[in-house]
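All chains are named by letter (A, B, ...) in the order of the sequence lines, taking the proteins before the strands, and each is independently numbered beginning at 1.
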2 protein chains.
Amino acid sequence: MADQKIPQVTAKRLPLYYRYLEKLHAIGKQRVSSAALAEALQIDPATIRRDFSYLGELGKKGYGYNVNYLLQFLRDFLRQDEVTNVVLIGVGNLGTALLRYNFYRSHNTKIVAGFDIDEGKIGMDIDGVPVYSMNRLKEVLELHSVEVAILTVPVSAAQSTTDQLVNAGIRGILNFTPARLNVPSHIRIHHIDLTVELQTLIYFLKNFPTNESKGEQNG
Amino acid sequence: MADQKIPQVTAKRLPLYYRYLEKLHAIGKQRVSSAALAEALQIDPATIRRDFSYLGELGKKGYGYNVNYLLQFLRDFLRQDEVTNVVLIGVGNLGTALLRYNFYRSHNTKIVAGFDIDEGKIGMDIDGVPVYSMNRLKEVLELHSVEVAILTVPVSAAQSTTDQLVNAGIRGILNFTPARLNVPSHIRIHHIDLTVELQTLIYFLKNFPTNESKGEQNG
DNA sequence: TGCCTTTTGTGATGATATGCACATATTTAT
DNA sequence: ATAAATATGTGCATATCATCACAAAAGGCA
Ligand SMILES: NC(=O)c1ccc[n+]([C@@H]2O[C@H](COP(=O)([O-])OP(=O)(O)OC[C@H]3O[C@@H](n4cnc5c(N)ncnc54)[C@H](O)[C@@H]3O)[C@@H](O)[C@H]2O)c1
Ligand SMILES: NC(=O)c1ccc[n+]([C@@H]2O[C@H](COP(=O)([O-])OP(=O)(O)OC[C@H]3O[C@@H](n4cnc5c(N)ncnc54)[C@H](O)[C@@H]3O)[C@@H](O)[C@H]2O)c1
């Protein structure tokens, strides 16, 4: 498979394409061109074609892309029909919001459990997701075959919690804390630093008041 | 000023440096090398030196960087002593979490108001931040000189809300909805798509089980 | 003082990503 | 059937970043 060759930026755009194709499918659209996708997603059409070209020759010249075919292809490629179970550590302000949202409704990802050290939270059920004590971490991860954790604890608890996660066999962490986590090299970490995002936006506004440059890739 | 020449990625890392320097300052550290910063922030030391070099010659050979000096320099450069007022549209799950967090405690950014259409929410006070009806948008933006909005409404309301924001004179939007917003070219938008972040993490885990590659820059 | 060590700032190179521009293939209309 | 219109896939130029590697400068120690 072409997997090994896909640029990181492309991998980040594929879910975007997938989501939009679902929408097109839902309204009965049969075909779509890179130009139409470009318009809707605000990505250059050549970039879109290049992205798809990494996966194979998915389109037809003079026609464009068949929505059903492309959708199905991406579904397989992104393994959208396998449900991935994840857990969330730190059921506070942000953690609760993410739990409530859950990603399952529209996606293939499901938060199956929350964890906290606050006795008041342990035992709660948030929109169907149970909150456990941290000492049940390993047990629950194994039960649900969980390999990915969302980390929304206070920054002071970030490293110790991460150590516990690594110990319990996690492989990937989506880190919302500002901490730079130390982990063995086989663990993958993605950082989402909302404070930095906000500050960066403000920085650009203050320093490039008349913004002609294209927006960068965010999220 | 060197402003015009700073790469986007550097601009995103500056707040990171600033935050860590504050920490060093707090524990009384006087000097720091790019190697030490690299270790703590998990960024290549050459990248750090290059980043600083865009701002001037801030270090001294054989010595490193003076923490106080660098901190003060970045404070000025990032205008960390000017408070930037922002508003938040859509006081739901995510919006409430962001409001509660607020960025003011440790940063120069303050959410001064929330907005919603839900009658049950209008008039509320969330940790000191009032929630207004959407028809008071222009008035409140002007009162507090707000130019930046955080958007956390349902995706269905994203474009119409954006139009209202643009109309009311906003210049930058931090967009948490999955919608690709259409705005005049002078408006700057940063997207934070949490679903895509999670999916991308999972994609990389599934496809590169033994991850040797460095993690990319995320937020 | 003089020598060795440390560490910067940056030229050079390599890696990754974007987007133009067009040959090519296919559709659509007449 | 033929021509015109459409839209892909990709070579190539350009842009943006990351990192190596080292001369040069400054510190620190004997
Ligand atoms: N809330 C936001 O909008 C926001 C924005 C930017 C960054 N963040 C970051 O996200 C993280 C969470 O923020 P928050 O506002 O939800 O904080 P919070 O205090 O509301 O929630 C933290 C939760 O973690 C739990 N916790 C504490 N120590 C723990 C431990 N050792 N193990 C397990 N659980 C533990 C607490 O009981 C609490 O429920 C913080 O690191 C914060 O910096 C949050
Ligand atoms: N909650 C999450 O963790 C999460 C994760 C990923 C993405 N998102 C995105 O963030 C957005 C908000 O998510 P949420 O879970 O907080 O939703 P939510 O339904 O809890 O909150 C949305 C809020 O917006 C208000 N609102 C609706 N229409 C409005 C309008 N026209 N003008 C002003 N306010 C309006 C609603 O009254 C509600 O208070 C959504 O677009 C969602 O896709 C949320």
Side-chain angles (χ1 to χ4, degrees), chain A residues 2-14 16-17 21 24 29-67 69-70 73-74 200 204 208 212-219, chain B residues 2 4-14 16-17 21 24 29-67 69-70 73 200 204 208 212-219:
Chain A
D3 279 21
Q4 287 299 340
K5 315 223 162 288
I6 292 182
Q8 299 227 353
V9 279
T10 297
K12 283 189 90 163
R13 282 189 294 258
L14 293 181
L16 247 39
Y17 301 141
L21 286 165
L24 290 179
K29 262 225 161 239
Q30 302 285 333
R31 63 184 265 195
V32 68
S33 67
S34 63
L37 288 170
E39 165 89 21
L41 300 175
Q42 294 170 23
I43 298 172
D44 188 278
T47 298
I48 294 177
R49 292 199 299 276
R50 174 89 55 192
D51 282 344
F52 290 155
S53 80
Y54 292 119
L55 313 183
E57 306 210 351
L58 306 180
K60 222 183 268 183
K61 302 187 181 186
Y63 177 88
Y65 300 89
N66 178 289
V67 171
Y69 176 77
L70 188 53
F73 189 94
L74 286 177
T200 305
F204 281 114
F208 309 100
E212 283 315 294
S213 74
K214 301 288 196 59
E216 84 213 78
Q217 296 296 60
N218 272 284
Chain B
Q4 288 298 341
K5 317 222 160 289
I6 291 181
Q8 301 226 352
V9 276
T10 296
K12 281 187 94 160
R13 283 189 295 258
L14 293 181
L16 249 40
Y17 301 141
L21 286 166
L24 290 179
K29 263 225 161 238
Q30 302 286 332
R31 61 185 266 195
V32 67
S33 67
S34 63
L37 287 170
E39 166 89 23
L41 299 175
Q42 296 170 22
I43 299 172
D44 188 277
T47 299
I48 294 178
R49 292 200 298 279
R50 174 87 57 194
D51 282 345
F52 290 155
S53 80
Y54 292 119
L55 314 183
E57 306 211 350
L58 305 179
K60 225 182 267 184
K61 301 186 181 187
Y63 177 87
Y65 300 88
N66 178 288
V67 171
Y69 176 77
L70 188 53
F73 189 95
T200 305
F204 281 115
F208 309 100
E212 284 312 297
S213 75
K214 301 291 196 56
E216 84 213 76
Q217 296 297 60
N218 272 285

(message) Categorize B:Ser34 for me: base, sugar-phosphate, or nothing, with a 4.0 angstrom heavy-atom threshold over every strand shown.
(response) sugar-phosphate
Note to self: Are the side chains of B:Leu37 and B:Phe52 in contact, using a 4.5 Å heavy-atom criterion?
What the structure shows: yes
Separation of D:dA18 atom P from B:Gln8 atom CD, nearest Å, is 12 Å
Closest to the side chain of A:Lys61, out of D:dG9, D:dT19, C:dT7, is D:dG9
_Pairwise side-chain contact, A:Ile43 with A:Tyr17, heavy-atom cut-off 4.5 Å (strictly under)_ = yes
- Hey, does B:Leu58 reach any base, or is it just sugar-phosphate, or nothing, if we go heavy atoms under 4.0 Å? sugar-phosphate
Across all chains, not counting sequence neighbours, the ring-ring contact (aromatic ring centres under 6.0 Å, His included) partners of B:Phe73 are none
Whole-Å distance, B:Asn66 CG to C:dT6 C1', equals 17 Å
Does C:dT28 have its OP1 or OP2 closer than 4.0 Å to a side-chain nitrogen or oxygen of A:Arg31?
yes
5'-most contact on DNA chain C (nearest-nucleotide basis), A:Tyr63 vs A:Asp51, goes to A:Asp51
The nucleotide from C:dG19, D:dA7, D:dG28 with an atom nearest the side chain of A:Thr47 is C:dG19
The residue, A:Arg49 or A:Gly62, whose nearest nucleotide of DNA chain D is more 5′ is A:Gly62
Item checked: Verdict with reasoning, A:Leu55 to A:Leu14, per side-chain contact (heavy atoms from CB on, under 4.5 Å) -> CA-CA 10 Å; A:Leu55 313 183; A:Leu14 293 181; 4.1 Å; yes
I'd like to know if A:Arg50 reaches the base of D:dT10 with its side chain, counting only an N/O donor and acceptor under 3.5 Å. no
Any side-chain heavy-atom pair of A:Arg13 and A:Thr47 under 4.5 Å: yes
Whole-Å distance, B:Leu70 CG to C:dT7 P, equals 16 Å
Here the distance between atom C1' of D:dC20 and atom CD1 of B:Ile48, to the nearest Å, is 16 Å
With a non-hydrogen cut-off below 4.0 angstrom, is B:Tyr65 in contact with a base, only sugar-phosphate, or nothing? sugar-phosphate
Side-chain atoms of B:Glu57 come closest, of D:dA24, C:dT10, D:dG27, to C:dT10
Between OH of B:Tyr69 and P of C:dT8 the distance, given in whole Å, is 15 Å
When rounded to whole Å, the CD1 to P distance for the pair A:Ile43 and C:dA17 reads 14 Å
Of the candidates C:dT7, C:dC20, C:dT27, the side chain of A:Lys60 sits closest to C:dT27
